[in-house]
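Working notes for the structure below.
Convention: sequence-line order gives letters A, B, ...; per-chain numbering from 1. Only heavy atoms go into these numbers, but all of them, side chains included; no hydrogens, no water, no symmetry mates.
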Amino acid sequence: MNKDTLLRWYRTMMRIRIFEETVNEKFLAGEIPGFVHLYIGEEAVATAVCSLLEESDYITSTHRGHGHTIAKGADVKRMMAELYGKRTGYCKGKGGSMHIADFGVGMLGANGVVGGGINLAAGAALASQLLGNGRIAVSFFGDGASNRGTFHEGLNLASVWRLPVVFVCENNQWSSTTPYRESTSVEDIAVRAAAYSMPGAVADGNDIFDVYEKAAQMTQRAREGGGPSLLEAKTYRIKGHFVGDPEKYRKREEVMEQLDRNDPIKRFVERVLEEGLLTSEDLTRIDHETLEEVSSAVAFAKESPFPEPTEAYEDLFVEAGAQ
Amino acid sequence: MNKDTLLRWYRTMMRIRIFEETVNEKFLAGEIPGFVHLYIGEEAVATAVCSLLEESDYITSTHRGHGHTIAKGADVKRMMAELYGKRTGYCKGKGGSMHIADFGVGMLGANGVVGGGINLAAGAALASQLLGNGRIAVSFFGDGASNRGTFHEGLNLASVWRLPVVFVCENNQWSSTTPYRESTSVEDIAVRAAAYSMPGAVADGNDIFDVYEKAAQMTQRAREGGGPSLLEAKTYRIKGHFVGDPEKYRKREEVMEQLDRNDPIKRFVERVLEEGLLTSEDLTRIDHETLEEVSSAVAFAKESPFPEPTEAYEDLFVEAGAQ
Amino acid sequence: MRNITFAEATLEAMREEMARDARVFVMGEDIARQGGIFGQFKGLPDAFGLERVRDTPISETAIVGAGIGAALGGTVPVIDMHFADFIGVAMDEILNQMAKIRYMFGGQANLPLVLRAPDGVTRSGAAQHSQSLEALFMHIPGLKVVAPSNPKDAKGLLKAAIRDPNPVIYFEHKDLFRQRGEVPDGEYVTPIGEASVVQEGGRLTVVSYSRMMTQVQAVCKQLGDEIAGQVELIDLRSIVPMDTETILASVRKTHRLLIVHEAVKRGGVGAEIAAVVAERTIEYLDAPIVRIGAKPFPVPFSPALEPAVIPQEREIVEAIRGLLGARI
Amino acid sequence: MRNITFAEATLEAMREEMARDARVFVMGEDIARQGGIFGQFKGLPDAFGLERVRDTPISETAIVGAGIGAALGGTVPVIDMHFADFIGVAMDEILNQMAKIRYMFGGQANLPLVLRAPDGVTRSGAAQHSQSLEALFMHIPGLKVVAPSNPKDAKGLLKAAIRDPNPVIYFEHKDLFRQRGEVPDGEYVTPIGEASVVQEGGRLTVVSYSRMMTQVQAVCKQLGDEIAGQVELIDLRSIVPMDTETILASVRKTHRLLIVHEAVKRGGVGAEIAAVVAERTIEYLDAPIVRIGAKPFPVPFSPALEPAVIPQEREIVEAIRGLLGARI
Ligand SMILES: Cc1ncc(C[n+]2csc(CCOP(=O)(O)OP(=O)(O)O)c2C)c(N)n1
Ligand SMILES: Cc1ncc(C[n+]2csc(CCOP(=O)(O)OP(=O)(O)O)c2C)c(N)n1
Ligand SMILES: [Mg+2]
Ligand SMILES: [Mg+2]
């Protein structure tokens, strides 16, 4: 891994982490409306996978989409503005957290429907195949989503058509208040790949190096016309399901242990420092820059105007000819 | 296998075969309206599996449901009357071929929606589990249906709840005009059982002994509280997808070869005669009785009155209290 | 009489019906461990066990399909859709199985089943978490559809739905769960198919239901006794079967009709009501039939935009004033 | 002008649009090998290859979901639903993705996509194969919905739908595919959103679309010139956007309105039309607004029962006669 990549990884992970911590705080302060789901503790997955993608490649995301959006290269200013419901947001205030998107960098949208993005990614991959433009698609989704029919139909379709798509299941052990073992009939969701004759692998989702290595094989396969694959990244949802979740369904110790032992950023830092790949100055500089970046994103969001009520009547249809 | 069972098997298979041949003829003669899908060539599957069931057990079926209905013990008279759209039919003329059903023998309905019956069976099994009545459920469905989301969700649910249900995939090589290999991403659909941590097996669907043996383990498992299983019975759709199908999408030789080599009734007869398990007199007697039975079913259907138009306004809701 | 929340009222209904009938069980996502997103299932597992209060995988298709099968197998399932917004995931099961099974099999089977669907807008839920979809199900023969507006009816209608041997979709508004109201002590059931004349009046009939009913009532308070006294207020409660006789009788008395719902106006329940009135009693009308419903856009996220799409009290005020002044 | 079938007309539209725009492709069950259940895709694979004419697994959820993704990825998918009856399998994709993507993402993406859905009754298809479901989609903001009644419009509207940069649901009636009609030579497009005044008349407006339009025309023939001459016949063609101005203008001239569709009357498109008229031009009406639609039952199988649920010509005749004689 070259130093540039490591620096980029660290910056992306920290950008996600600080963005999410900030959103948490601002939500609790009543500044951000709606429902918000945080990606804290899962940063390594989106970061590693998206570092394998070109800007023109596609991703689809979930209700927990800030991390994916940042990792794909979106601007935190316009993201924060969107979360605040402002006109300068990516969706002009129409989407909010659950519909954060930056089509300009191939981020085809967070999705309020669990499992709703899986087939969208297969479809984007189909378009790439038809157009021969070499783009690939990645779909991120949760362990809970792997029990939806969309998963099955999408993976089967992608397999029979050899679509250039990588399915990334972020198994964070929980789907809302339900532990994945109670709702999911396999120990490793990656096992399900065999039901579609595609490669499946389990990665340690809190180890960015492991995710990267396994995802790299899959993105390469997709680029080479080898078809789809399924990567299960085992990670952990450090925060509640949504901001404000009283989390009565799990023990505090379970979370603390994960935080202690398994925080992907902590693990990354320990390794790069131990192996001398990066210096603590490198890291501290990024920390500062990122804190700065996110706080100016908040300032931008706050200063931005709300949309006018009449803007609610825009953006439904595009006029013919404008395509 | 005792002789009684063999005789019952033969009678059921022949009842299906003759029923279907007759329906084919009567449909082409313009006597039967609607869409009709025949079970010819697949008789061994329903016959073997249903011979493992009690009358109180449940099955759910498909658009190709006559065979399942007969095997579960329905009366061919009332079936034929239904196909003719008569008031004496099981559904009083409201259902027809695609909605043939006999709830009295636990046959919870043919289904015009591919894959539509899978979760109904899981649910019936859930009711049995909740009520502790010892009943099990079997869902029959096609290879095409195994690519629907209902398959995935139903098998996962049945597995996590250990429901007493057996999923029987009738892989007849075709889903309408599409060969299963083009639409299904696995060689053996039974492989998909692993995605739900349940036993899966492939049976030679044209060998009633093989289907019986493998299904027996699965029904026993269900009865003993061991949870669900997936049986794939490889068989072949001898006739067109529906009566009237011009079948331009496959070679006549393919069908002829199957008929020649793989007709389940022919294979059964050869074996029982060869091994001296039944005599040709046994078989001929059943042939005659069955021909007689089906032709009187046709007579019954023809003689029966059509429903009055106003009967169209009955049976939507049941009055409270009538439950 | 007790003053309890809408959520508590539904919880009482569940408790009473589950105690009354051992065949009743409930399943859905996050209802056992969490007690439901709106607390509407709290404590049920302690009372009835995890067999009868089941957390499910995120598999709405299977949950509804299995609910149908379970009803056929002799139980009485209550299924929680989490948010009504996800009901489309199980649409085929509702459209082609639930609504049709009894009829297409010639009455061979009954289908006692309740689909509970929390609907409507809440807290900037945005496009995929703010929908009112009852009109879709009104159009599908074979389903009963109810939508209570207050704790009393919430309890009574839920009990009626559970006892009904036919499939019932029970829409409960997300933003009503915390609303308080008087609920009678002791056993009662609110019959499905009967509208409630909440207030009598002689010059304008207002038909509403669910959350918008509470808005209409609030508006009437604002308008003062003189104006509000002229308004006859009908809470529809049941969408299917619809109590058209009560509506028609009222319109024949008042000669004016306003319909208010949160769902999209175009193709909404209000269209059907207006059409029935225009078909059966148009000669009594002294003014155009006015409908208030959401504008034809998905619900936007921003608090600055949401009110532009969802009906506001101001619109109701204007419509009432306008209609009371209007003459053809 | 050529006299060709409805199926052939749609095939011409596909050929012309696929030739014009290499981004257009079509997918669905049994469309390549079989050419579609109604022959409506015959020969397309030879002309455009199996990459652009794709047989899919039986996975309607994935097909529609992938169609949406493919549109986002720069292609123009035409998706065949096989039968409109199965559209519920993909309802969440339609309701929560297709209809909302452009809006909820603030106009970042366009979604050029056509969902072709053969609907209506055919040959004792029974409950699950006989449905007209356009009303469900009229109620969902973000979708355009069309339903041609003849080969000419079938071609013109399909071309318009494919060129439209927004999602369009194209309902084509199963029993119309074999119907013949005049189709202009050369290039033309039928604009979405414009109703067609098929026949002018002064005393009664009849609005219909899809197969029922042909029934209404047949009835007018039967009724003879004197009666039929009083009827203004409007073929709606587009359900969304609806050409309400044409309807209103006609009603203001004729003072009477009859709406006829095959879909269930309750909550159908007719309800919306009636409501719009009752809201915007009730003062012109000289008679009740009459709607004819299917009775609120699933469609039964038996030829002895089907006509009791589905609108019959006799009902149309009676309604026309009744309305021409009526006065408030
Ligand atoms: C189809 C659907 N069903 C239910 C929900 C409600 N819901 C939102 S998030 C969630 C849990 C998702 O779990 P998982 O897929 O593991 O993702 P995670 O939240 O763990 O990232 C549920 C049930 C939904 N949004 N969509
Ligand atoms: C959800 C759905 N999609 C499509 C159809 C149309 N259709 C009816 S039967 C059939 C093929 C079914 O294939 P398979 O499941 O293998 O069963 P088989 O006909 O081979 O018995 C199709 C596509 C349908 N009835 N339901
Ligand atoms: Mg999870
Ligand atoms: Mg098959």
Discussion item. Check whether Asn156(B) reaches the backbone of Ser183(A) with its side chain - one donor and one acceptor, N or O, closer than 3.5 Å.
Written reply: yes

Response to the item:
Most contact-rich option vs chain B, by heavy-atom pairs under 4.5 angstrom, among Thr184(A), Ile189(A), Val160(A), is Val160(A)

Fill in: Top contributor to chain A interface from Ser159(B), Ala158(B), Ala195(B) [non-hydrogen pairs under 4.5 Å]
Ala195(B)

Worksheet item: Hey, does the side chain of Glu153(B) reach the backbone of Arg148(A) with a donor-acceptor pair shorter than 3.5 angstrom?
Response: no

Worksheet item: For the residue pair Ala194(B) and Val191(A), what are the closest heavy atoms and their distance?
Response: O-CG1, 3.8 Å

Practice prompt. Mind checking the OH-CG spacing from Tyr196(B) to Asn147(A)? Nearest 0.5 Å is all I need.
Written response: 9.0 Å

Discussion item. Any side-chain to backbone donor/acceptor pair from Ser197(A) onto Ser185(B)? Under 3.5 Å, distance only.
Written reply: yes

Item to complete: Output yes when a side-chain donor or acceptor of His152(A) lies under 3.5 Å from a complementary backbone atom of Thr150(B), and no otherwise.
Response: no

